[in-house]
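Report on one structure; see the data block that follows.
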2 protein chains.
Amino acid sequence: MYRIGELAQRYEVKTDTLRFYDKHGLLTPSSRSGSGYRIYTEADAERLRFILRAKAVGFSLTDIAELLSIELDKSNWACADVKGVVDIKLADVEVKIAELNYFKTSLQRLSDACCGGPESAEHCSILEALESNSSAIKCENQTHDHDQSHYSKNCQSKG
Amino acid sequence: MYRIGELAQRYEVKTDTLRFYDKHGLLTPSSRSGSGYRIYTEADAERLRFILRAKAVGFSLTDIAELLSIELDKSNWACADVKGVVDIKLADVEVKIAELNYFKTSLQRLSDACCGGPESAEHCSILEALESNSSAIKCENQTHDHDQSHYSKNCQSKG
DNA sequence: CTTGACCTTAGATTCAACTCCAGGGTTATA
DNA sequence: TATAACCCTGGAGTTGAATCTAAGGTCAAG
């Protein structure tokens, strides 16, 4: 049995976030104290762990709610329906794994190409590392002005 | 050479999105026509492909900008710096792959546990499928009212 | 030489997922 | 019994990533 602050601290989230999950039906505490305090059980904590892990791999809260909803009473959902939902998510996950493996390979190749020897810096662009048929996109010593709403840090000098 | 509308159509994004990427320095068209139209080259298109793939696996635009910025002029960045940045992303990607494999296994287990035989629906909760030490979180025929700002679809009846 | 499908900008709006704030109740401790 | 550290609600504000709107320039076809 945890109060909201305890659960929040244990999983390094804000109490606001837990209230937000409650409000949106993702994680409703198993009970309330006499004075209205949220009381979370170990099962609630497990549900939270699931939510946080799922979020970390890119599921939206809507996705997560759908996954969690497959804790259903069998009379209302056919097995085939469940399998349908799950298989869609599964396909999703498999695509993501494949894509991530592509990035993993690319990043490794980039690391190797860049820091192997004296001729190292010749292929220091991720685009080149990714697909060697790429025409080089090189960064010369352009110094275009930048307003701060830029994501790009291209060519910024260092040191 | 593509105009903004062509590139957008080819990669199924909005022209607004491309202008947004331009404004934030993620994808600046290689040139402008006399009348100010954005002109994208094949290299720009490749950069866009990278952005879209990276986004799809959960990199933020800030992450992506950082990755793309490693197309740098070697004099300003040391190899070790590049390796540092890349290795951080690599570790990131590896964690994500591991987590996704966990979800893959879980979803497969859920699919199997649920739709194997006549006793099928006994373990139809993803939480149970994930960690069998979980105390069952079951969904009875509660019908609590729901305002629409809910993510959760728990226990909704079907058909 | 105008119509319509393009393109431009600046700025407002949307959406998800928080995060914070105001105003007020509760509970353990000095 | 009062002070601080909790908790509550409702509602406003923030951030990231678009997406839309308004007001206007460009260009090929009829």
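Order of the sequence lines fixes the chain letters, A, B, ..., with proteins taken first and strands second; residue numbering starts at 1 for each chain. This one's a predicted model, so the numbers in the text were calculated from it and none came from an experiment.
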Applying side chain to side chain donor-acceptor pair (under 3.5 Å), name anything that partners D63(B), two or more places apart in sequence or on another chain.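 Here the qualifying residues are S60(B), K89(B).
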S30(A): partners by side chain to side chain donor-acceptor pair (under 3.5 Å), with sequence neighbours left out: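 With sequence neighbours excluded, S30(A) shows a side chain to side chain donor-acceptor pair (under 3.5 Å) to T41(A), D44(A), given in chain and number order.
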[N] [atom2] sits how many Å from [X] [atom1], rounded?
{"X": "L18(A)", "N": "dT9(D)", "atom1": "CG", "atom2": "P", "result": "13 Å"}
{"X": "F20(B)", "N": "dC20(D)", "atom1": "CZ", "atom2": "P", "result": "14 Å"}
{"X": "I4(A)", "N": "dC6(D)", "atom1": "CD1", "atom2": "P", "result": "13 Å"}
{"X": "H24(B)", "N": "dT15(D)", "atom1": "NE2", "atom2": "C1'", "result": "11 Å"}
{"X": "Y40(A)", "N": "dC8(D)", "atom1": "OH", "atom2": "C1'", "result": "12 Å"}
{"X": "Y21(B)", "N": "dA17(D)", "atom1": "OH", "atom2": "C1'", "result": "7 Å"}
{"X": "D22(A)", "N": "dC8(D)", "atom1": "CG", "atom2": "P", "result": "9 Å"}

Salt bridge (charged side-chain N to carboxylate O under 4.0 Å, His left out) contacts in which one or both residues fall within residues 7-20 of chain A, not counting sequence neighbours: D16(A)-R19(A)
Going by the salt bridge (charged side-chain N to carboxylate O under 4.0 Å, His left out) test, which pairs reach into residues 24-37 of chain B, not counting sequence neighbours?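 Counting only pairs at least two positions apart or across chains, the salt bridge (charged side-chain N to carboxylate O under 4.0 Å, His left out) contacts touching residues 24-37 of chain B are D22(B)-R32(B).
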Please list each protein N or O that sits under 3.5 Å from an N or O in nucleotides 27-29 of chain D, with the distance.
residue	atom	partner	partner atom	Å
dC27(D)	OP1	S35(B)	OG	3.1

How does the hydrophobic cluster around Y37(A) look, that is, which other residues are in it when side-chain heavy atoms under 4.5 Å mark a link?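 For Y37(A), no cluster forms, as it stays isolated from other hydrophobic side chains.
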Closest listed nucleotide, where the reference is the side chain of S60(B) and the choices are dC8(D), dA17(D), dC20(D): dA17(D)
What are the 5'-most and 3'-most nucleotides of DNA chain C lying under 4.0 Å from any heavy atom of chain A? dA17(C) to dT27(C)
At under 4.0 Å between heavy atoms, what does R19(B) touch on the DNA or RNA strands: base, sugar-phosphate, or nothing? base
I'd like to know if the side chain of E6(A) reaches the main chain of R3(A), judged simply by a donor and an acceptor atom lying under 3.5 Å from each other, with no hydrogens or angles considered.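 Between the backbone of R3(A) and the side chain of E6(A) there is a qualifying donor-acceptor contact (under 3.5 Å).
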Identify, between K14(B) and R38(A), the residue whose nearest nucleotide on DNA chain D lies closer to the 5' end. R38(A)
Partner set under side chain to side chain contact (heavy atoms under 4.5 Å, CB included) for A45(B), not counting sequence neighbours: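 Only Y2(B), L7(B), Y11(B), E42(B), R49(B) meet the side chain to side chain contact (heavy atoms under 4.5 Å, CB included) criterion with A45(B).
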Contacts of type side chain to side chain contact (heavy atoms under 4.5 Å, CB included), residue S31(B), not counting sequence neighbours: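 For S31(B) the side chain to side chain contact (heavy atoms under 4.5 Å, CB included) partners, ignoring immediate neighbours, are I39(B).
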Non-hydrogen side-chain atoms of Y102(B) and V57(A) separated by less than 4.5 Å: no
Just the table, please: protein N/O against nucleotides 21-24 of chain D N/O, every pair under 3.5 Å.
none

ring-ring contact (aromatic ring centres under 6.0 Å, His included) against F59(A), all qualifying residues, sequence neighbours excluded: F103(B)
The criterion is ring-ring contact (aromatic ring centres under 6.0 Å, His included); which residues satisfy it with F20(A), sequence neighbours excluded?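 For F20(A) the ring-ring contact (aromatic ring centres under 6.0 Å, His included) partners, ignoring immediate neighbours, are H24(A).
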